[in-house]
Student: 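Once you've had a glance at the structure underneath, I'll fire off some questions.
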Amino acid sequence: PFEVSMLVDADVFPQAKSIAEVMQGTLGELGIDMQIRLLDFGGWSEALQNGEYDMATNISWGAPYDPHSSLSGMFSGGYTGTEGVIYADPALDEMIAEVTTIRDEDERQAYYDSIWTYMDENAAVAPIVYSLRVYALDGSVDGWTLPGTEYDLDLNTVSIVAR
């Protein structure tokens with residue numbers, strides 16, 4: 001039988017467990033036995049860094065408008081951070097290094113597009129969900145405005161008022 005395990009961190013990415021369970025059921029229909037290894041962030045991070053997984057849930061990180069932080073952090077062979085590189089490929093390393101030297105915005109965007117295409121064609125990563133931020137407030141919240149990104153959320157103007 002074909003067996004795989006999926007490393008899941010539900011601390012940082014709460015939906016990861018339910019996503020893994022859906023994948024487990026779908027793969028089971030294909031005859032693939034997928035075991036879910038649900039760990040806290042520390043255990044997940046250590047297992048990821050040590051390469052102790054067949055598949056792993058992960059979220060991209062860095063500013064959403066800066067593709068290079070995720071690329072260099074998770075896909076460049078020279079990275080030695082907490083989570084480690086999740087896919088190593090010298091050709092990809094070269095492309096990631098090269099894109100930073102391109103000054104023209106359109107040319108740089110085209111090169112980033114070619115990197116994403118390369119990663120897709122080589123199954124470096126399989127994006128399965130785009131997590132949205134949800135904000136809920138009632139009439140007692142004053143001074144709150146919807147930010148462009150979660151990195152721009154300014155709570156200095158927010159107050160709770162009696163209504």
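Computed from a predicted structure; not experimentally measured.
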Student: Can you list everything that forms a ring pair (Phe, Tyr, Trp, His ring centres under 6.0 Å) with Trp144? Sequence neighbours excluded, please.
Tutor: Tyr135
Student: If you round to the nearest 0.5 Å, how far is CH2 of Trp44 from CZ of Arg37?
Tutor: 12.0 Å
Student: Please name the pair of heavy atoms, one in Met95 and one in Ser114, separated by the smallest distance, quoted to 0.1 Å.
Tutor: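 Closest approach of Met95 to Ser114: CE-O, 3.9 Å.
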Student: State, to 0.1 Å, how close Val8 and Ala16 come at their nearest heavy-atom pair, and which atoms those are.
Tutor: CG1-CB, 3.7 Å
Student: Side-chain contact test, heavy atoms from C-beta onward, threshold under 4.5 Å: evaluate it for Lys17 versus Leu38 and give yes or no.
Tutor: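 Yes, their side chains come closer than 4.5 Å.
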Student: I'd like a table of donor-acceptor pairs (distance under 3.5 Å, sequence neighbours excluded) in which one partner is a side-chain atom from residues 22-34, with atom names and distances.
Tutor:
residue, atom, partner, partner atom, Å
Gln24, NE2, Met34, O, 2.7
Thr26, OG1, Val22, O, 3.0
Asp33, OD1, Gln35, NE2, 2.8
Asp33, OD2, Gln35, NE2, 3.3

Student: Could you tell me whether a side-chain N or O of Ser45 sits under 3.5 Å from a main-chain N or O of Phe41, the two making a donor and an acceptor?
Tutor: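 Not confirmed, Ser45 side chain does not pair with Phe41 backbone.
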Student: Check side-chain hydrogen bond (donor to acceptor under 3.5 Å, both in side chains) between Asp11 and all other residues, then give those that pass, not counting sequence neighbours.
Tutor: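 If we apply the side-chain hydrogen bond (donor to acceptor under 3.5 Å, both in side chains) test to Asp11, skipping adjacent residues, there are no hits.
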Student: For Ser140, enumerate each residue passing the side-chain hydrogen bond (donor to acceptor under 3.5 Å, both in side chains) test, keeping only those at least two apart in sequence or located in another chain.
Tutor: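 Testing Ser140 for side-chain hydrogen bond (donor to acceptor under 3.5 Å, both in side chains), a comparison that skips the adjacent residues, returns Asp138.
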Student: Measuring from atom CG of Leu146 to atom CG of Leu137, what distance do you get when rounded to the nearest 0.5 angstrom?
Tutor: 9.5 Å
Student: Would you mind reporting whether Ile160 and Val141 have side-chain heavy atoms less than 4.5 Å apart?
Tutor: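 The answer is yes, as the side chains (C-beta and beyond) meet within the 4.5 Å cut-off.
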Student: I'd like to know if the side chain of Asn122 reaches the main chain of Tyr118, judged simply by a donor and an acceptor atom lying under 3.5 Å from each other, with no hydrogens or angles considered.
Tutor: yes
Student: Answer yes or no: is there a side-chain heavy-atom contact under 4.5 Å between Asp54 and Met6?
Tutor: no
Student: The criterion is salt bridge (charged side-chain N to carboxylate O under 4.0 Å, His left out); which residues satisfy it with Glu52, sequence neighbours excluded?
Tutor: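 None.
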Student: Using a 4.5 Å cut-off on heavy atoms from C-beta on, say whether the side chain of Leu92 contacts that of Ile115.
Tutor: yes
Student: Distance check, rounded to the nearest 0.5 Å: Leu48 atom CG versus Leu7 atom CG?
Tutor: 6.0 Å
Student: Heavy atoms only: give me the nearest Val158-Asp154 pair and the separation to one decimal.
Tutor: CG2-O, 4.0 Å
Student: State the CG-OH distance between Leu39 and Tyr53, to the nearest 0.5 angstrom.
Tutor: 13.5 Å
Student: Can you tell me how far apart CG (Asp40) and CG (Asp9) are? Round to the nearest 0.5 Å.
Tutor: 7.5 Å
Student: Is there a path of hydrophobic side-chain contacts, each under 4.5 Å between heavy atoms of I, L, V, M, F, W or Y residues, that connects Met55 with Phe2?
Tutor: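 Same cluster: Met55 reaches Phe2 through Ile, Leu, Val, Met, Phe, Trp or Tyr contacts under 4.5 Å.
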Student: Got a sec, which pairs hit salt bridge (Lys or Arg N to Asp or Glu O under 4.0 Å) with one end in residues 94-110, sequence neighbours left out?
Tutor: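 Listed once each, the pairs would be none.
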